[in-house]
Participant: 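Sharing a structure with you now.
Note that ligands are numbered from 1 as they come in the structure, with each ligand's atoms numbered from 1 the same way. This one's a predicted model, so the numbers in the text were calculated from it and none came from an experiment.
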Amino acid sequence: MTTFTPRTLEHGADRVTAYDHGAHVAEWTRDGVPVVWVSKESRYEFGTAIRGGVPLVWPWFGNGPEGDLEPAHGLLRTASWSLAKEWESGWVWTIDQEATKSQPGIETFPYRYEAQLEVEVRDGLNIALTVRNTDDVPFSHEAALHTYLHVGDIRNTSVSGLDGVHYFDKVLGTNQTQQGPLLVSQETDRIYQSAADVSVVDPDLGRTINVSATEGSHTVVWNPWETKARDMKDMGDDEWTQMVCIETARLGDKKFTLSPGQSATMATTISLQR
Ligand code: TA6
């Protein structure tokens, strides 16, 4: 059931679909082939995040640093944003504290803020989240651009750019160090302590997707694998084979801290290399 009106942008071979709900880029195709993945079972309803695309995670990641915050991934991905600007290759949305005063979880972030999301198709897809502190006191926030990428088959895909990087394995609950390229061969939920460029090498689709972060501190890699995907109502049973999340993030002790009047931008660029 679709309850939101999509916005569509066609620019050369690129087609991007987005929603004011969450300022959520849901799809990006080039020459009709998806680069950004969205679930066929995604719900498009108020109070729910779209499963796929680029959900905005803010002001906390997951359930927050102590694991006690709700809802998961914060306030913005289920909020109604306002479109501020539209041109042939992009959009800008804005939102502020007043517009999110009824969002679940707002009581744990009682600060005045303004946020802006800029999306532009240039050489790839550029997504930049800017937050400004409009309060009289400082505040801190985590952020992630929770990008779902489309792959031919995750079991044949490798992720490079993380060799030697320390990570927290959320599935095992342990700290590890990446050795060589990452081959996703089981449920994977990892927080890497690096925001260097990452490449998703996809032999089935004959392409490589590059993810490049600006002002990130971490990269999160997630695939729910078979069992967890089956339990997710908004993901088809086999759809986990065709996605991987590569998320540009600013987390934990690297979170942003803004003084009154200060702003910070974190961005991700997704591009195709053939
Ligand atoms: O970024 C990875 C992660 O935090 C995973 O732990 C996983 O649960 C995923 O995000 C999806 O979260 P969601 O709240 O959208 O179901």
Side-chain angles (χ1 to χ4, degrees), residues 19 21-26 36-79 103-105 108 127 129 141-151 154 159 162 165 167-176 178 182 184 186-195 198 200 211 213 216-237 239-252 254-255 266 268 270:
Y19 295 84
H21 176 74
H24 199 130
V25 170
V36 165
W37 176 94
V38 68
S39 170
K40 294 183 177 65
E41 304 295 331
S42 179
R43 288 184 284 165
Y44 295 85
E45 292 163 16
F46 290 107
T48 308
I50 295 166
R51 175 65 65 197
V54 188
L56 302 179
V57 173
W58 186 90
W60 58 83
F61 178 82
N63 295 105
E66 314 302 329
D68 56 350
L69 300 180
E70 294 285 348
H73 292 326
L75 315 169
L76 293 186
R77 64 179 181 162
T78 54
Q103 281 296 102
T108 47
I127 302 179
L129 175 66
H141 60 93
E142 297 186 304
L145 299 162
H146 195 304
T147 308
Y148 289 73
L149 298 176
H150 176 83
V151 294
I154 188 62
V159 181
L162 297 167
V165 176
Y167 65 91
F168 180 65
D169 188 319
K170 278 173 75 179
V171 178
L172 300 174
T174 55
N175 291 305
Q176 313 266 357
Q178 182 64 38
L182 165 61
V184 179
Q186 58 193 325
E187 182 188 351
T188 299
D189 194 351
R190 300 179 178 182
I191 302 176
Y192 285 89
Q193 293 175 20
S194 164
V198 167
V200 176
V211 179
S217 62
H218 292 75
T219 302
V220 181
V221 180
W222 180 58
N223 180 290
W225 216 251
E226 192 172 1
T227 309
K228 198 163 238 179
R230 217 181 297 128
D231 291 342
M232 292 169 64
K233 291 195 174 55
D234 55 0
M235 196 184 279
D237 284 357
E239 283 193 290
W240 62 272
T241 59
Q242 292 198 303
M243 54 73 63
V244 63
C245 286
I246 305 286
E247 310 169 32
T248 294
R250 191 76 183 234
L251 304 177
K254 297 288 191 327
K255 64 183 182 257
M266 185 184 75
T268 194
I270 311 155

Participant: Run the numbers for me: atoms of ligand 1, each under 4.0 Å from some heavy atom of V220, listed by number.
Facilitator: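 Reading through ligand 1 atom by atom, the close ones are 1 (O).
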Participant: Give me the ring orientation class for Y19 and Y44: parallel if the planes are under 30° apart, tilted from 30 to 60°, perpendicular past 60°.
Facilitator: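 Because their plane-to-plane angle lies in the 30° to 60° range, the rings of Y19 and Y44 count as tilted.
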Participant: Assign the ring pair H146 / W222 to parallel, tilted or perpendicular, where the plane angle (0 to 90°) is split at 30° and 60°.
Facilitator: perpendicular
Participant: Only one of S217, P65, P59 forms a side chain to side chain contact (heavy atoms under 4.5 Å, CB included) with E142, so which one is it?
Facilitator: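 With E142 as partner, side chain to side chain contact (heavy atoms under 4.5 Å, CB included) holds for just one option, P65.
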Participant: Does a donor on one side chain and an acceptor on the other come within less than 3.5 Å for Q176 and R190?
Facilitator: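 Note: Q176 and R190 side chains miss the donor-acceptor criterion.
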Participant: Heavy-atom contacts with K170 under 4.0 Å: which atoms of ligand 1 show up? List them by number with element.
Facilitator: 4 (O), 6 (O)
Participant: Taking 4.0 Å as the limit for heavy-atom contacts, which would you say applies to M232 with ligand 1: side chain only, backbone only, both, or neither?
Facilitator: neither
Participant: As an exercise, identify every atom of ligand 1 less than 4.0 angstrom from a heavy atom of E247.
Facilitator: 1 (O), 2 (C)
Participant: May I ask you to list the atoms of ligand 1 that are less than 4.0 angstrom from any heavy atom of H73?
Facilitator: 3 (C), 4 (O), 10 (O), 12 (O), 14 (O)
Participant: Specify whether F61 and H73 have parallel, tilted or perpendicular ring planes, treating 30° as the upper limit for parallel and 60° as the lower limit for perpendicular.
Facilitator: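 Aromatic pair F61/H73 classed tilted.
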Participant: Tell me: protein heavy atom nearest atom 7 (C) of ligand 1, and distance?
Facilitator: W222 CE2, 3.4 Å
Participant: For atom 16 (O) of ligand 1, find the nearest protein heavy atom and state the residue, atom name and distance (0.1 Å precision).
Facilitator: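 Looking only at protein heavy atoms, the one closest to atom 16 (O) of ligand 1 is R51 NH2, 3.0 Å.
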Participant: Report yes or no: does a heavy atom of R77 sit under 4.0 Å from some atom of ligand 1?
Facilitator: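 Yes; R77 lies near enough to ligand 1 that a heavy-atom distance drops under 4.0 Å.
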Participant: What atoms of ligand 1 come closer than 4.0 angstrom to any heavy atom of D189?
Facilitator: 2 (C), 5 (C), 6 (O)
Participant: Verify, without hydrogens or angle tests, whether S39 (side chain) and D234 (backbone) share a donor-acceptor contact under 3.5 angstrom.
Facilitator: yes
Participant: If only atom types and distance count, is the side chain of H218 paired as donor or acceptor with the main-chain N or O of E247 below 3.5 Å?
Facilitator: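 No, H218 side chain to E247 backbone: no donor-acceptor pair under 3.5 Å.
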Participant: May I ask you to check whether Y148 has an N/O atom sitting below 3.5 Å from an N/O atom of ligand 1?
Facilitator: no
Participant: Going by the atom numbers of ligand 1, which of them fall below 4.0 Å from some non-hydrogen atom of F61?
Facilitator: 1 (O), 4 (O)
Participant: Quick check: does any side chain N or O of S42 sit under 3.5 Å from a backbone N or O of I50, one acting as donor and the other as acceptor?
Facilitator: no
